[in-house]
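Positions are given from 1, in the same order as the sequence printed here.
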Amino acid sequence: MEPRESWAALAAGGVAGVCVDLILFPLDTVKTRLQSPQGFRKAGGFRGIYAGVPSTAIGSFPNAAAFFITYENVKSMLHHDSTSYLTPATHMVAASLGEVVACLIRVPSEVIKQRAQVSPSSSTLQILYRTLYHEGIEGLYRGYKSTVLREIPFSLVQFPLWESLKDLWSWKQGHVVDSWQSAVCGAFAEVFVTLLEVLTSQEPSSCESPSLCLFAEPKSSPDPSRAREKASSRVSWWICSCSHHTS
């Protein structure tokens, strides 16, 4: 993969991730407070719906960028030695490694963000300090394994489907798909995966000590609203990224 393509994947993924996360943040805050053991009103209600946004703003760019640059680079490295029938496996491996890398950034950001959303009177830095003081660095990575194990199965379906739809459309029209066509393929793949995620969703588990353990296992069960957020983020990334390459 050329350095120019790597920078394009990093920039497109990061910018799309930041834009979508900031736009959908109020909805995510309301959803988080509705799920809080404290109850919606005690968790803050509609007050301070942008509480926790600093951690999202800081984490969303490297999170999205890390996923897509890992995905594109791994796909590029494996593609040279893979035959046509192994191509889906290449996309599966690339997507899985992308999730593993991205979750190193995503999970700490989610832990701080969700705790800030239900504690609007505390700043993001105060919550970060409290988490490190009481739980150490491990507190920021609570739920990392469950998050990775949750994300990978859907990526195993989504990305091979997206790539296959692009290849099929390219074959039908006799040339490589345009950026808008790639985005349409991505949107279809996201809708399909989102439906799977919603069908397998469960209610989040409660915690005995909300002050310290609130959302200690972030995204330990599939979350339909998070699925919709991911759908918007990745479709946006496809629109940006495919202006650089659609093959």
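- The heavy-atom pair separating Pro62 from Ile105 by the smallest distance is O-CD1, 3.5 Å.
- Residues that satisfy the side chain to side chain contact (heavy atoms under 4.5 Å, CB included) test with Phe46, not counting sequence neighbours, are Val30, Phe40.
- What you find for Cys103 and Tyr141 is that their closest heavy atoms are O-CE2, 4.4 Å.
- The two residues Ala95 and Tyr71 make their nearest non-hydrogen contact at N-CD1, 3.5 Å.
- Scanning both residues, Val74 and Ala94, for their nearest heavy atoms gives CG1-CA, 3.6 Å.
- Interatomic distance, CD of Gln158 versus CD of Glu163, reported as 10.5 Å (0.5 Å rounding).
- No side-chain donor-acceptor contact under 3.5 Å links Thr90 to the backbone of Lys75.
- The closest side-chain heavy-atom distance from Phe159 to Met92 is not below 4.5 Å.
- The distance from the CH2 atom of Trp169 to the OG atom of Ser164 is 14.5 Å, given to the nearest 0.5 Å.
- Without hydrogens or angle criteria, Tyr144 side chain to Leu104 main chain gives no donor-acceptor distance under 3.5 Å.
- If you take CD1 on Ile112 and CG on Leu140, they are separated by 5.0 Å, rounding to the nearest 0.5 Å.
- Atom CD of Glu99 and atom CG of Leu156 lie 9.0 Å apart (nearest 0.5 Å).
- Every residue was checked against the side chain to side chain donor-acceptor pair (under 3.5 Å) condition with Thr70, not counting sequence neighbours, and none meets it.
- To the nearest 0.5 Å, atoms CG (Asn63) and CZ (Phe68) are separated by 9.5 Å.
- Distance CD/Glu138 to CZ/Arg142: 8.5 Å, rounded to 0.5 Å.
- Criterion: ILVMFWY side-chain heavy atoms under 4.5 Å apart, direct or through other members. Under it, Val93 and Met77 are part of a common hydrophobic cluster.
- There is no path of hydrophobic side-chain contacts, each under 4.5 Å, that joins Val101 to Leu97.
- In this structure, Trp171 shares a hydrophobic cluster with Leu168, the cluster being traced through Ile, Leu, Val, Met, Phe, Trp and Tyr side chains under 4.5 angstrom apart.
- Between the side chains of Thr131 and Arg115, at least one donor N or O lies within less than 3.5 Å of an accepting N or O.
- The shortest non-hydrogen separation linking Pro26 to Leu22 is CD-O, 3.9 Å.
- In this structure, Ser182 and Lys166 approach most closely via the heavy-atom pair OG-CD, 3.3 Å.
- Shown here are the ring-ring contact (aromatic ring centres under 6.0 Å, His included) partners of Phe25, two or more places apart in sequence or in another chain: Tyr50.
- For residues 86-127, no pair satisfies ring-ring contact (aromatic ring centres under 6.0 Å, His included), with sequence neighbours left out.
- Contacts of Phe188 classified as ring-ring contact (aromatic ring centres under 6.0 Å, His included), with partners at least two apart in sequence or in another chain: none.
- Residues Leu165 and Leu161 form a side-chain contact, since some pair of their non-hydrogen atoms from C-beta on lies under 4.5 Å apart.
- Residues Ile127 and Ile137 are members of one and the same hydrophobic cluster, defined by side-chain heavy-atom contacts under 4.5 angstrom among Ile, Leu, Val, Met, Phe, Trp and Tyr.
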